[in-house]
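Heads up, the thing below is written out as structure tokens.
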There are 2 protein chains.
Amino acid sequence: MSRASDRAYAIIRDMILSGDLPSGAKIGEEALAEQCGVSRTPIREALNRLEAELLIRRNDTQRSFVADWSIDDVEEMFELRGMLESRAARRAAKRISWEQIERLKTHHEAIGKAIHATKPDTHSFIEHNHLFHGVILEASASAQLTNMLARIVERPIVHRTARNYSLEDLERSHRQHGELIAAFEHHDPAWAEAVMISHIRRAFHAYANVHIDQRLPDMSQAAE
Amino acid sequence: MSRASDRAYAIIRDMILSGDLPSGAKIGEEALAEQCGVSRTPIREALNRLEAELLIRRNDTQRSFVADWSIDDVEEMFELRGMLESRAARRAAKRISWEQIERLKTHHEAIGKAIHATKPDTHSFIEHNHLFHGVILEASASAQLTNMLARIVERPIVHRTARNYSLEDLERSHRQHGELIAAFEHHDPAWAEAVMISHIRRAFHAYANVHIDQRLPDMSQAAE
DNA sequence: CCGAAGATCATTGTATACATTAGGCTGCCA
DNA sequence: TGGCAGCCTAATGTATACAATGATCTTCGG
């Protein structure tokens with residue numbers, strides 16, 4: 001997209017993700033325009049995008065606020081992501097090319113290095129993890145899945161999840177990626193789908209354990 | 001949303017749905033502004049919304065075109081809709097109130113009347129069908145499901161599907177709605193989910209039979 | 001003293017003018 | 001004659017000014 005509105009989008013999103021703009025905070029277009037150094041026009045475009053991604057809510061009179069995510073929202077988000085990503089994996093398994101599998105392996109190795117550095121390189125992990133899933137989405141060849149998942153993956157929780165992974169979590173995630181690659185090499189949709197479901201659900205529980213010690217959600221309903 | 005940008009959105013969407021703007025047609029902001037009687041600013045907002053709904057595509061240089069939907073895209077759309085709506089139905093079954101069930105019954109009756117009028121009232125059918133599914137979405141109490149389905153339901157194919165329903169299709173749809181209400185009255189998530197899946201898949205096949213006589217898609221893979 | 005109504009202020013919606021950039025046309029050169 | 005280069009045109013991106021609308025504060029009446 002355009003330069004200014006993209007910058008504004010990135011800046012505002014980071015302000016929300018970093019907690020600089022706390023949940024429920026009022027968002028004024030003019031104030032943001034000043035902070036971002038652009039006019040209100042690109043700010044408005046950025047706010048529309050952020051609203052579509054549910055990072056921002058608007059009250060009945062179009063005033064914007066930072067959305068607050070309850071634990072139930074987070075759980076629902078992970079489940080939707082699981083549905084969509086597993087479906088993408090199934091489609092990808094039928095269509096993925098050897099070139100795409102090679103790229104998966106490249107990111108897979110990079111993640112391995114990031115984990116086993118003297119100190120785990122979380123930033124590199126997140127980066128290549130994102131690219132890894134991006135290749136699968138590309139291989140799924142579904143504009144609609146891509147469209148929907150794009151809105152989910154950039155959300156606060158997904159970022160904070162990986163940041164709080166233990167070494168064990170990181171290694172488990174890495175192993176699951178390896179399993180996904182194997183499923184793709186065999187072009188086995190059911191296998192890829194199953195691994196992906198497991199992968200996302202594991203991520204949810206890693207998040208839940210860190211962020212809500214007091215409440216272990218009853219998964220018997222949700223996970224079924 | 002705002003008055004002018006909403007009107008612009010509705011006008012442009014109708015131009016696409018009616019085929020006035022055919023697939024692949026170039027979309028110029030200024031030309032549309034003139035046709036809609038507003039300035040480019042609300043037009044741009046409308047185009048962003050339509051792009052998010054995949055009714056419009058943008059090339060690498062931000063120029064807009066009417067998206068073309070292949071039969072595979074349509075199939076994928078129905079499957080995504082099935083996933084999301086069945087999930088909404090499951091959630092709704094756990095949470096739906098008697099007041100909401102009453103509203104479902106109201107729309108159910110209205111649909112019945114629309115079907116059995118001297119000449120089936122397609123417009124009324126579509127309207128109350130939309131409201132019926134809207135109540136379920138409301139009862140699901142998931143902002144994220146609502147958000148995602150809102151983008152899908154307004155798409156060209158969904159509209160054209162009902163328009164081409166035979167009397168038999170209409171009655172079958174009506175019966176399935178009745179079944180859904182029963183599932184909700186018993187607060188049975190599995191039942192509601194199953195009926196909804198069947199409901200959406202039936203809609204897909206009704207669409208496919210009308211629009212592609214030449215190719216009956218191999219559902220063994222997709223439906224699975 | 002409390003409540004309601006009106007005015008003022010703040011914020012968002014729209015229009016227009018300007019900047020920037022991609023695409024195309026024409027003319028020159030090989 | 002074909003291809004490339006530079007200008008020209010058209011379309012999008014951004015800023016700013018203005019309009020409309022909702023919120024808040026003040027004041028007047030009960």
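Every chain is numbered from 1 and lettered A, B, ... according to where its sequence line falls, protein lines coming before strand lines. Values reported hereafter were calculated over all heavy atoms of this structure, with side chains retained and with hydrogens, waters and symmetry mates removed.
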[atom1] of [X] versus [atom2] of [N]: gap in Å, rounded?
X	N	atom1	atom2	result
A:E45	D:dT14	CD	C1'	10 Å
A:Y9	D:dT14	OH	P	16 Å
A:R63	D:dT24	CZ	C1'	11 Å
A:D6	D:dT12	CG	P	17 Å
B:R7	C:dA15	CZ	P	8 Å
B:R58	D:dT12	CZ	P	8 Å
A:E30	D:dT16	CD	C1'	11 Å
A:K26	D:dT24	NZ	C1'	13 Å

- Query: Mapping A:N59 and A:S39 onto DNA chain D by nearest heavy atom, which one lands closer to the 5' end?
  - Reply: A:S39
- Query: 5'-most contact on DNA chain D: A:D60 or A:R40, nearest heavy atom basis?
  - Reply: A:R40
- Assess A:R49 against A:Y9: is NZ or CZ under 6.0 Å from the centre of the six-membered ring, and within 45 degrees of the ring's axis? yes
- Any salt bridge between A:E99 and A:R103, counting N to O under 4.0 Å? yes
- Task: May I ask you to check whether over 12 heavy atoms, not counting those of A:R95, lie within 6.0 Å of atom CZ?
- Result: yes
- Message: Once you apply a heavy-atom cut-off of 4.0 Å, does B:T61 come out as touching a base, just sugar-phosphate, or nothing?
- Response: sugar-phosphate
- Message: Using a 4.0 Å heavy-atom cut-off, does A:L47 contact any base of the nucleic acid, only the sugar-phosphate backbone, or nothing at all?
- Response: nothing
- Note on the structure: Testing D:dT14, D:dA23, C:dA15 for proximity to the side chain of B:R44, the answer is D:dT14
- Query: Between D:dA11, D:dG22, D:dT14, which one does the side chain of A:S5 approach most closely?
  - Reply: D:dT14
- Item | Aromatic contact, B:H199 with B:H177 (centres under 6.0 Å) | yes
- Query: Which residue pairs pass the side-chain hydrogen bond (donor to acceptor under 3.5 Å, both in side chains) test with at least one member in residues 26-37 of chain A, sequence neighbours excluded?
  - Reply: A:E29-A:R40, A:E29-A:R44
- Message: So, OP1 or OP2 of D:dA11: does either fall under 4.0 Å of a side-chain N or O from B:Q62?
- Response: no
